[in-house]
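Numbers for residues simply follow the sequence, beginning at 1. Just so you know, these numbers come straight off a predicted model, no measurement behind them. Atoms within a ligand are numbered from 1 in the order they appear, just like the ligands themselves.
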Amino acid sequence: RGVLVLNVRIAPVADEYILMLADDRTEITRAQAIRTDFVANVSHELKTPVGAVRLLAEAIEGSSEDPEAVRHFTRRLHKESARLTALVHDIIELSRLQGTDIVQKGTIIDLNQLVHEAADRNKLAAENKNISIRVGGAATRPVHGDPELLMTALRNLIDNAIRYSPENTRIGVGIKSKKGTALVSVKDQGPGIPNDEQDRIFERFYRVDAARSRQTGGTGLGLSIVKHVMAQHGGEISLWSTPGQGSTFTVSLPELDEATEKDLRDSESEP
Ligand code: ADP
């Protein structure tokens, strides 16, 4: 409402006033609808693992005479609680990212180093499926932002490539600079993504294959998180994929020009 009053004052022309009023209302209604939708989805997604934890606890109680059954239910209980933990973690991360100005105090980041580290940290998961990760290329300039958020985004992309690819395949991570933009692409030899679902996979909780996502520990929020992290950094994410021929996700981030980098270094070194 505050915004509407301000618009009335700065735009006294009747036509413009009506236009802005309609526009703001649409924005508010849309934001409310998104929030209501998110809460409904979150409740739905939490119900399954929470219900499973309760049933498994009861099953363990009821099979105290049978050590093998206790072991079986306990293993499943661990798995469900891990799923719940991942889900809660991603929900919190995404809610935080939907706020404004998350990257309040960014730092100068060597993207090349960050990408190599992200690949290293996902190495074990890749080795478990005998998948090789090769990182090649380099960006010529640094970027500016929150290194932890960018690490999360890069790791989500590599993690997806590992989870959706069959064993004994390769993942290629490429870094390059193009006209003041740093580009990082993650290419896999997985199943690919059907054309009509390529936009939708960036929506919260949208999955092409829900069973596969859950079975591999997915939360359905990974790509939404990547998209928001990129938006917070003035960057973008795009996808190239043909079903049966793998997927390539590419993120782009604005590079720091020399003058801005110098200004930032000067202000960083100030007490
Ligand atoms: P999830 O936790 O389900 O992986 P994401 O938001 O990370 O959630 O991805 C959304 C959906 O996009 C996944 O469920 C999967 O269907 C599809 N997807 C994401 N990455 C890939 C990939 N590299 N190859 C094939 N499908 C993918």
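Under the 3.5 Å distance criterion, with hydrogens and angles disregarded, a donor-acceptor pair is assigned to the side chains of N168 and N130. Remark: the T260 side chain and the D257 side chain contain an N/O donor-acceptor pair separated by less than 3.5 Å.
Within 4.0 Å of ligand 1, contacts by protein heavy atoms are made from N160, A161, R163, Y164, D188, I193, I201, Y206, R207, V208, D209, S213, G218, T219, G220, L221, G222, L223, S247, F249.
Salt-bridge formation is not detected for the pair E80/R76: no Lys NZ or Arg NE/NH1/NH2 atom is positioned less than 4.0 Å from an Asp or Glu carboxylate oxygen. A salt bridge is absent between E93 and R155; no separation between the charged side-chain nitrogens and carboxylate oxygens falls under 4.0 Å. Ion pair E261/R265 flagged as a salt bridge, since at least one NZ, NE, NH1 or NH2 atom sits closer than 4.0 Å to an Asp/Glu carboxylate oxygen.
The list of side-chain hydrogen bond (donor to acceptor under 3.5 Å, both in side chains) pairs with a residue in residues 218-230, not counting sequence neighbours, reads D90-T219.
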